[in-house]
Amino acid sequence: MLHITTPAELEFLSAHKDIVTCEVTPQHLTLAGEEAYPRLGTLAQMNPPIRSGAHRDGLWHWVDQGVADILGSDHAPHTLEEKAKPYPGSPSGMPGVQTLLPLMLNHVAEGRTTLARVIDLTSAGPQRVFGIVGKGRIAVGYDADFSVVDLKARWTITEDWLASRCGWSPFTGMELTGRPIGTIVRGHRVMWDGALAGAAVGEPIRFEAVEFG
């Protein structure tokens with residue numbers, strides 16, 4: 001179940017974890033409609049929609065109960081020109097890949113969740129749900145894939161930091177605590193201090209065998 005946005009959904013799914021997995025997004029865990037729509041207009045438009053602060057806070061309760069398995073970016077890099085069209089001509093969705101980890105680190109700093117829970121939602125959870133071989137943890141026999149972060153760094157999201165070709169984010173101007181410093185893939189630096197750090201080293205993802213009865 002993708003892009004869960006209400007606590008009622010997560011409460012229902014909590015009783016059926018033997019047969020279902022589910023995902024939430026940083027957008028729905030961070031934005032509240034009361035503030036987002038007046039400030040952002042159609043830039044805040046996405047499906048499912050950004051809901052009230054009460055819905056957002058309710059999501060957090062069930063996320064920290066372990067009901068959500070995965071954090072998804074729901075990355076939809078529509079241009080500002082496209083998003084400026086009057087509703088309903090404006091497309092739904094917003095960029096989200098680059099801001100996913102910074103937002104979650106800020107939630108850790110604010111005490112909304114724990115670093116262990118963020119690691120599970122972004123690493124161990126996807127490995128568990130999709131049966132990805134060699135990923136999801138730092139251990140012998142696993143690929144050396146991990147992010148290096150500064151949990152105490154205070155900074156502001158600015159447009160010149162954004163790498164998406166759409167060039168905007170609903171979180172531009174947001175002050176955060178906690179910042180990714182670098183990304184390591186299979187033991188090699190691929191990004192460090194905001195810059196690409198060498199040739200691509202990625203390989204096709206391997207999956208565990210799945211039997212269908």
Side-chain angles (χ1 to χ4, degrees), residues 1-37 44 46-76 92-139 142 145-152 157 169-171 174-180 207-208 210:
M1 301 291 292
L2 301 178
H3 314 339
I4 302 299
T5 63
T6 70
E9 291 172 288
L10 287 181
E11 182 178 11
F12 173 79
L13 294 173
S14 70
H16 302 281
K17 290 300 294 177
D18 57 326
I19 59 171
V20 67
T21 59
C22 59
E23 175 230 66
V24 293
T25 78
Q27 293 93 317
H28 295 109
L29 291 172
T30 303
L31 297 173
E34 300 93 327
E35 182 277 333
Y37 292 118
M46 65 183 298
N47 284 323
I50 299 299
R51 302 191 189 274
S52 69
H55 279 99
R56 177 196 60 193
D57 295 342
L59 285 180
W60 276 111
H61 168 76
W62 292 103
V63 166
D64 280 336
Q65 292 295 312
V67 178
D69 299 279
I70 292 176
L71 194 70
S73 71
D74 194 22
H75 183 70
S92 295
M94 59 184 71
V97 169
Q98 192 175 0
T99 53
L100 182 150
L101 184 55
L103 290 174
M104 296 307 294
L105 293 177
N106 189 65
H107 288 310
V108 171
E110 292 180 339
R112 276 195 177 271
T113 191
T114 65
L115 185 60
R117 188 71 180 107
V118 172
I119 292 170
D120 186 65
L121 288 166
T122 58
S123 301
Q127 188 282 328
R128 182 174 62 248
V129 170
F130 296 110
I132 305 172
V133 174
K135 306 292 184 180
R137 67 185 65 185
I138 301 174
Y142 284 73
D145 297 352
F146 56 91
S147 294
V148 178
V149 303
D150 183 342
L151 294 175
K152 296 182 179 180
I157 294 177
S169 168
F171 305 108
M174 186 174 179
E175 297 181 357
L176 305 177
T177 299
R179 183 169 188 167
F207 295 91
E208 298 171 357
V210 177

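Only a predicted model underlies this, so the values are computations on that prediction, with no experimental measurement involved.
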key: For D120 against P126, the heavy-atom pair lying closest together   = O-CD, 3.8 Å

inquiry  = Measuring from atom CZ of R179 to atom CG of L151, what distance do you get when rounded to the nearest 0.5 angstrom?
reply    = 14.0 Å

message = Would D69 and T21 count as a side chain to side chain donor-acceptor pair (under 3.5 Å) here? Give the steps.
response = CA-CA 6 Å; D69 299 279; T21 59; 4.7 Å; no

Any side-chain heavy-atom pair of F207 and I132 under 4.5 Å = yes

key: For L103 against P26, the heavy-atom pair lying closest together   = CD1-CB, 3.9 Å

query = Taking all non-hydrogen atoms of both residues, which atom of P102 and which atom of L176 are closest, and how far apart?
reply = CB-CD1, 3.7 Å

task = Look at atom CZ of R128 and say whether more than 12 heavy atoms of other residues, nucleotides or ligands are closer to it than 6.0 Å.
result = yes

ask   = Would one find more than 12 heavy atoms of other residues, nucleotides or ligands at under 6.0 Å from atom OH of Y37?
value = yes

query = Quick one: NE2 on H55 to CG on L31, what's the gap to the nearest 0.5 Å?
reply = 15.0 Å

request  = Check R56, Q27, H28 against T5 for a side-chain contact (heavy atoms from CB on, under 4.5 Å) and give me the one that passes.
outcome  = H28

Flag if over 12 foreign heavy atoms under 6.0 Å of CE, M174 = yes

ask   = Quick one: does L115's side chain get under 4.5 Å of L105's, heavy atoms only?
value = yes

inquiry  = I need the full list of side chain to side chain donor-acceptor pair (under 3.5 Å) pairs touching residues 98-110, with sequence neighbours left out, sorted by first then second residue.
reply    = T30-H107, N106-E110

task = Output the distance between atom CG (L100) and atom OG1 (T25), rounded to the nearest 0.5 Å.
result = 8.5 Å

ask   = Between C22 and L13, what is the shortest heavy-atom contact and its length?
value = CB-CD1, 3.8 Å

key: Rounded distance [0.5 Å steps], CD1 in I70 versus CD in Q127   = 10.5 Å

Check: V24 and L71 side chains under 4.5 Å, non-hydrogen atoms = yes

Throw together a table of side-chain donor-acceptor distances under 3.5 angstrom for residues 58-66, partners on residues two or more places apart or in other chains.
from, atom 1, to, atom 2, distance (Å)
W60, NE1, L29, O, 2.9
D64, OD1, T113, OG1, 2.8

message = Could you report the tightest heavy-atom contact between P95 and S169, atom names first, then the distance?
response = CG-CA, 4.2 Å

query = Hey, what do you get for CD1 (I119) to CE (M104), rounding to the nearest 0.5 Å?
reply = 11.5 Å

ask   = In chain order, what residues pass the side chain to side chain donor-acceptor pair (under 3.5 Å) check against D74, with sequence neighbours excluded?
value = H3

remark   = Closest heavy-atom pair, D57 versus R112, reported as atoms and distance to 0.1 Å, is OD1-NH2, 3.2 Å

